[in-house]
*Asks:* 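Dumping the structure here so I can ask a few things about it.
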Amino acid sequence: AQSVTQPDIHITVSEGASLELRCNYSYGATPYLFWYVQSPGQGLQLLLKYFSGDTLVQGIKGFEAEFKRSQSSFNLRKPSVHWSDAAEYFCAVGRALTGGGNKLTFGTGTQLKVEL
Amino acid sequence: KAGVTQTPRYLIKTRGQQVTLSCSPISGHRSVSWYQQTPGQGLQFLFEYFSETQRNKGNFPGRFSGRQFSNSRSEMNVSTLELGDSALYLCASRSTGSENIQYFGAGTRLSVL
């Protein structure tokens, strides 16, 4: 079964500093990988996705992520954090199921706090 | 294009009652999935519907059920509510084309007293 590990539960960075959120996955085949962000009381917004091809993917709000198969990682990065980036970030792996369905398995999330 | 719409946004129920949550997917999307989010268990897959049929189911008791209508709108029902059912319930819709992405609604916050 697939699994996703986000080792950092909380991270605090200063506004303007760089950010890297870690994600490791376990999945037998080539995974579909995603990063979602959730603001308090809201649903999940897709930041970026990796399906295949170029291992460095660009997303919205200036985020990027790099897929490293050898390390089973898909870390999220941003060169300069803004106070509005404070939220909870979820890494997820998507898996096609028999019968044509699809299921996301999520990590436990990383809560990002931005200090002004 | 309108996003995924979930109603109601908030619900308060008492133990033993039942509840129905509604989800309208993005226009043209035929797959709808439901997830439960709690502080203790995180985000867990409940089930997925496609063309009015439940295609996949997560590891939840039979008190959790759902259905999908011909217009792809979906409802989720929880019977005999327990305190532990308090959670944010998220609906996601997905295009069944080559784009394998789930788009989420804002969720329904259910509180069981």
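Not measured: the values here are computed from a predicted model. Below, chains carry the letters A, B, ... as their sequence lines are ordered, and counting in each starts from 1.
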*Asks:* Can you name the nearest heavy-atom pair linking Gly41(A) to Arg9(B), along with the distance?
*Replies:*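 Of all heavy-atom pairs spanning Gly41(A) and Arg9(B), the closest is O-NH2, 3.0 Å.
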*Asks:* Which one of Thr108(A), Leu104(A), Thr105(A) has the most heavy-atom pairs closer than 4.5 Å to chain B?
*Replies:*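 When all of Thr108(A), Leu104(A), Thr105(A) are compared, Leu104(A) has the most.
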*Asks:* Could you tell me whether Tyr49(B) and Phe47(B) have their ring centroids closer than 6.0 angstrom?
*Replies:*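 Judged by ring-centre distance (under 6.0 Å), Tyr49(B) and Phe47(B) do meet the cut-off.
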*Asks:* Please look at Leu46(A) and chain B and tell me whether the side chain, the backbone, both or neither of the residue comes under 4.5 angstrom of a heavy atom of that chain.
*Replies:*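 Only the side chain of Leu46(A) comes within 4.5 Å of chain B.
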*Asks:* Which atoms of Glu48(B) come close to chain A, meaning under 4.5 Å heavy atom to heavy atom: side chain ones, backbone ones, both, or neither?
*Replies:*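 For Glu48(B), side-chain heavy atoms alone lie under 4.5 Å from chain A.
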*Asks:* Tell me yes or no: between the side chains of Arg22(A) and Ser73(A), is some donor less than 3.5 Å from an acceptor?
*Replies:*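 Arg22(A) vs Ser73(A): no donor-acceptor pair found between side chains.
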*Asks:* Does any backbone or side-chain atom of Ser33(B) lie under 4.5 Å from a heavy atom of chain A? Answer side chain, backbone, both or neither.
*Replies:*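 Ser33(B) touches chain A through side-chain heavy atoms alone.
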*Asks:* Quick one: side chains of residues 104-113 of chain B, donor-acceptor pairs under 3.5 Å with protein atoms, not counting sequence neighbours, listed by atom name and distance.
*Replies:*
{"residue": "Thr108(B)", "atom": "OG1", "partner": "Pro8(B)", "partner atom": "O", "Å": "2.5"}

*Asks:* Looking at Asp85(B) and Arg63(B), is there a salt bridge between them, counting it only when a charged N and a carboxylate O are closer than 4.0 Å?
*Replies:*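 Between Asp85(B) and Arg63(B) there is a salt bridge, with a charged N closer than 4.0 Å to a carboxylate O.
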*Asks:* Given that the side chain runs from C-beta out, which part of Gln37(B) has a heavy atom under 4.5 Å from chain A: side chain, backbone, both or neither?
*Replies:*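 The side chain, not the backbone.
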*Asks:* With only heavy atoms counted, which part of Gln38(A) is less than 4.5 Å from chain B, the side chain, the backbone, both or neither?
*Replies:*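 For Gln38(A), the side chain is the part near chain B, not the backbone.
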*Asks:* With no hydrogens and no angle check, is any side-chain donor or acceptor of Glu64(A) less than 3.5 Å from a backbone partner on Arg77(A)?
*Replies:*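 No, Glu64(A) side chain to Arg77(A) backbone: no donor-acceptor pair under 3.5 Å.
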*Asks:* Between Phe45(B) and chain A, with a heavy-atom cut-off of 4.5 Å, which part of the residue counts as in contact: side chain, backbone, both or neither?
*Replies:*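 When you check distances to chain A, only side chain atoms of Phe45(B) fall under 4.5 Å.
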